[in-house]
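Nothing fancy with the numbering, it's 1 onward along the sequence.
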Amino acid sequence: MKEKAQVSERFRKFKAELTSRPSIVLGMGLRGFLRLLSLKNPWTIALVALIWLWTLGFYVLLSTGDYPCENLFGGDSSEDFKRCQPLVYYNDLGLGGVRLFLVTLAAISSSGLIANDMTDKSLHLYLSRPISRLDYLIARFIPVFLLLMCVTALPNLIVYVNQWGEAGLEFEWVKSHKWLLLDILILGSFYSASYSIIGLTFSTAINRESWAAGAFFLFVYGSAIIIEIFYLMIGDDRVLLLSIIHLLDIIGFYIFDIQPFFTAFGIEGINIAYIEVFGVFILIIGSCGIFVNWMISQMEANK
């Protein structure tokens, strides 16, 4: 009876949205986002606050150098490797970035969304409404994506506005950086969407929330370490595409139209064709989506 009451309670939260498919999906997504930021999730709130404090401290109050990019070794040569603040933001702590916090937040926020629905069988209630598996997945994708956008694109936009303010709020400055705003939004969307989809994949594959979060974290950082070792042994740039961390870093370089480079063993240039980079990205994300859809279809068949 207790389990039935729990499932009924989960169903009741979205009862008012039983109007149309878009309303149901959007209602589930937005309510899921608000629950992630509720007091019932103190670790999520703490990580969001920590990321924002880190951003304000390192990128607003203590920001130095040219914005958004400056040559690493000085000079004006276009062939020099460039350090771009919107990209450095996604690096590890030692380089001033928030990647550790970001991956931890993604792991915590995504791990229970589908796992809990599968464990308490409430998944069947959601799919009994006039929504498809794709609708359900979108509804579960929205909360994590919105949460991650709040700690990816939004802080970088605050830094952008701060730099514009330091330039006297002159529109000439905006015109001279006309693509920067769009680049920040696109890059934040890539990071947020990627970590959301991969997180939901682990949430589906491992029906225990804590284990799914741990597996997500180990996958992201474990694969990066293994790939770096293989890169050192083989020396082929394309090996880096097998790590989601390095793949997203390379995509960031291409979005900002600067020469990609790798820093684990000193600064080394990376030369990989666009089609290879985005082809591998589509393959990884597409495979995750297909796997999640297949797992849910198996749940439906076995109910």
Determine which pairs satisfy side chain to side chain donor-acceptor pair (under 3.5 Å) with at least one residue from residues 208-219, sequence neighbours left out, and list them in order. N116-E209
Ring center gap for Y89 and F58 short of 6.0 angstrom: no
Backbone of R35 reached by a side-chain donor or acceptor of N41 within 3.5 Å: yes
Can you tell me if S109 uses its side chain to pair, donor with acceptor, with the backbone of V144 under 3.5 Å? no
For the residue pair F202 and F219, categorise the inter-ring angle as parallel (less than 30°), tilted (30 to 60°) or perpendicular (more than 60°). tilted
Does atom CG (L169) have a neighbourhood of more than 12 heavy atoms from anything else shown, all under 6.0 Å? yes
Given 3.5 Å as the limit, does a donor-acceptor pair link the side chain of T119 with the main chain of N207, or not? yes
Can any side-chain N or O of W52 pair as donor or acceptor with the backbone N or O of L47 at less than 3.5 Å? no
For the residue pair G199 and S110, what are the closest heavy atoms and their distance? CA-OG, 3.2 Å
I'd like to know if the side chain of W164 reaches the main chain of V174, judged simply by a donor and an acceptor atom lying under 3.5 Å from each other, with no hydrogens or angles considered. no
Among residues at least two apart in sequence or on other chains, which ones pass ring pair (Phe, Tyr, Trp, His ring centres under 6.0 Å) with Y67? none
Once you measure the plane-to-plane angle for W294 and F291, does it fall in the parallel (<30°), tilted (30-60°) or perpendicular (>60°) bin? tilted
Note, F101 side chain near V151 side chain (heavy atom, < 4.5 Å): no
Run the ring pair (Phe, Tyr, Trp, His ring centres under 6.0 Å) test against F256 and tell me which residues pass, sequence neighbours left out. none
With F230, which residues qualify under ring pair (Phe, Tyr, Trp, His ring centres under 6.0 Å), at least two apart? none
Heavy-atom closest contact (S38 atom, I45 atom, distance): O-CD1, 3.1 Å
Consider only side-chain heavy atoms of I, L, V, M, F, W and Y, link residues closer than 4.5 Å, and tell whether I267 and L95 are in one cluster. no
Using ring pair (Phe, Tyr, Trp, His ring centres under 6.0 Å), reason through W173 and Y160 one step at a time and then give a plain yes or no. CA-CA 11 Å; W173 185 89; Y160 173 92; 5.3 Å; yes
Evaluation steps, side-chain contact (heavy atoms from CB on, under 4.5 Å), between D236 and Y231: CA-CA 6 Å; D236 189 334; Y231 176 79; over 6 Å; no
F81 versus Q259, closest heavy-atom pair with distance: CE2-CG, 3.5 Å
Same hydrophobic cluster for Y274 and L283, using side-chain heavy-atom links shorter than 4.5 Å among ILVMFWY? no
D135 side chain to S132 main-chain N or O, any donor-acceptor pair under 3.5 Å? yes
Considering all heavy atoms, the nearest F278-I251 contact: CE2-CG2, 4.1 Å
So if I apply the ring-ring contact (aromatic ring centres under 6.0 Å, His included) rule between Y90 and each of Y191, F190, Y59, which one comes out positive? Y191
Single hit among L180, N156, I184 for side chain to side chain contact (heavy atoms under 4.5 Å, CB included) with P68: L180
Please list, chain by chain and in numerical order, all residues satisfying ring pair (Phe, Tyr, Trp, His ring centres under 6.0 Å) with F217, sequence neighbours excluded. Y221
Can you measure from CG (L36) to CG (L113) and round to the nearest 0.5 angstrom? 6.0 Å
For M295 versus A205, what's the shortest heavy-atom pair and its separation? CE-CA, 4.4 Å
In terms of side-chain geometry, is the basic nitrogen of R238 or E276 positioned less than 4.0 Å from the acidic oxygen of its partner? yes
Common cluster, L53/L61, ILVMFWY with side-chain heavy-atom separation under 4.5 Å: no
Across all chains, not counting sequence neighbours, the side chain to side chain contact (heavy atoms under 4.5 Å, CB included) partners of S223 are S243
Check: A212 main-chain N/O paired with S111 side-chain donor or acceptor under 3.5 Å: no
Do NZ/NE/NH1/NH2 and the carboxylate oxygens of D249 and R99 come within less than 4.0 Å? yes
Student check: side-chain heavy atoms of F281 and L248 closer than 4.5 Å: yes
When the aromatic ring centroids of F145 and F33 are compared, is their separation below 6.0 Å? no
Shortest non-hydrogen contact from L200 toward L137: CD1-O, 4.5 Å
side-chain hydrogen bond (donor to acceptor under 3.5 Å, both in side chains) evaluation trace for E228 with H246: CA-CA 9 Å; E228 287 176 7; H246 298 304; 3.0 Å; yes
